[in-house]
Amino acid sequence: MLDLKAIRDDPEAFRLGLARRGAAGELDGLLSLDERWRTLTVRVEELRAEQNRASREFGRASPEERENRIASLRSVSDELGRLEPELADAAAEVEAVLARLPNLPDPSVPDGETDEDNAVLREVGDRPELGFEPRDHVDLGLAIGGMDLERAARTSGSRFVYLLGPFVWLQLALLRYALDRATSRGFLPVIPPVLVREEAMYGTGFLPTDEAQIYVTRDDDLYLVGTSEVPLASLHQGEILEEGDLPLRYTGYSTCFRREAGAHGKDTRGMFRVHQFDKVEMFSFVRPEDSGEEHDLILSIEEELVGGLGLPYRVVNVCTGELGASATKKYDIEAWFPGQGRYREITSCSNTTDYQARRLETRVRREDGNRPVHTLNGTAVAMSRTIIAIVENHQRQDGSVALPESLHPYLPDDLRILRPRG
RNA sequence: GGGAGGGUGGCCGAGCGGACGAAGGCGUCGGUCUUGAAAACCGAUGGCGGGGCGACCCGCCCGUGGGUUCGAAUCCCACCCCUCCCGCCA
């Protein structure tokens, strides 16, 4: 949510920022709705003040006097009865428009529509020189016995997977690997609820914008989260935090559910894009002036995690067209996937400034008043894609995969090399 | 799932149609006193929004949303949440 008062004070700044995201069209409408709301507010509050004054006197009045006063009180009450619904409508309209406006992009974000417009900041690590035609994760995973896609399709449909044996151990090793590194940097591990109320989805900015991507339960009005960002951000909903308690850092492990509507035909092979996967996420609540620095910290942890797995990657500054509604700026780490012959997103971190905090009413107590905190989120490890990247990058001619040393402490002793069966 | 009782300020807790943003206590912060501290005493202590250049003024908030009423923390309805008992259950 943008700051309505700030929009009033400097509409042109918002017009410019929103225009970069193709969302400036609603601004004039918003300003006139706001004008109407304020006019009505002034009138309604005058009437209420009068009613309160008269009502206080009424309490002291004698029974005879009361009879005389009821008529004038009723006329005030009647006018309020007419105006209050108008005021409520105006407020709801302002709210509805405001809720749809995305966060302003940071000046350093490149303009653009698709991932081809993202700015590549750096490439790190050498792509593996395999000396043979690389197999993709489906061929490798099936041979190793780490996954079953056909039976998953029979059970649940396309874009689902049974992880089996070696890939299960690998995923659990990745979990410990990610948690160890995140907690060593001060992030508290959390296993959050994955079914959440509408307010949590709204508060994090996934509703109303991304409704088509979200699974909803039929009888309970609960939403399945697409990322633990949602319950982590909601952890301090409605709270006023003490400045000395910030930053608050959490790392959540959860399953993530995504409908992938509109992705028909995209990444249909294997488990690169699935409806359900597990992910370790980092989430920070910080003082407003610290969010830029925190964003760099989260990115550096992500680079450490990806780099530590021996995966070649590049860092991109995501363009305006690819930003989520709540983000002012987003870095993606794209790992090299030999099976696809290109870089693909494997982690992502966003600075959402005060956008989510304003919706969730998470504030910090300050001398000069309570202000929304800033929130940030970033992937520690997205399990399915990371498993894919590992097996594709560390594959060997015979179809075996040498797992990176950084995972050895977390793996069963006989599983440092994944071998094709039979 | 069945039954019972509850949700009031940072916390505890009174209020159960009219002067209530709400008694009292605790906590916190100032002050008096003291060599210092404690105790005692005095005072201050919520959030959100609107208006005004401003000192300020006004409105809203007693789980949430509706309703009754000239007037609702208080009465009615729906929903949410918590606690206890029974049943079921990882």
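Just the heavy atoms: all of them, side chains too, but no hydrogens, waters or symmetry mates, feed the values below. Every chain is numbered from 1 and lettered A, B, ... according to where its sequence line falls, protein lines coming before strand lines.
- Residue A/R48 has its side chain nearest to B/rC60 when only B/rG51, B/rC60, B/rC48 are considered.
- Of all nucleotides listed (B/rC48, B/rC58, B/rG71), B/rG71 comes nearest to the side chain of A/S77.
- Counting non-hydrogen atoms of other residues, nucleotides and ligands closer than 6.0 Å to CD of A/E289 gives a total above 12.
- Residue-level contact check: A/R363 touches the backbone only, with heavy atoms under 4.0 Å from sugar-phosphate atoms and none from bases.
- Under the Watson-Crick or G-U wobble criterion, with both distances below 3.5 Å, B/rG21 is left unpaired in every strand shown.
- Base pairing annotation: B/rC16 forms no Watson-Crick or G-U wobble pair, as no partner gives both donor-acceptor distances under 3.5 Å.
- Of the candidate nucleotides B/rG71, B/rC80, B/rG47, B/rC80 has the atom lying nearest to any side-chain atom of A/R197.
- Partner assigned to B/rU35 is none, using Watson-Crick or G-U wobble distances below 3.5 angstrom.
- At a threshold of 4.0 angstrom between heavy atoms, the contacts of A/R8 are confined to the sugar-phosphate backbone, with no base atom among them.
- A heavy atom lying under 4.0 Å from RNA chain B marks none of the residues of residues 79-103 of chain A.
- Figure legend. B/rG59 is base-paired to B/rC48; pairs are counted as Watson-Crick or G-U wobble with both atom distances under 3.5 Å.
- Counting non-hydrogen atoms under 4.0 angstrom, A/Q51 reaches the backbone sugars and phosphates but no base.
- Ring centroid separation for the pair A/F167 and A/H137 does not come in under the 6.0 Å cut-off.
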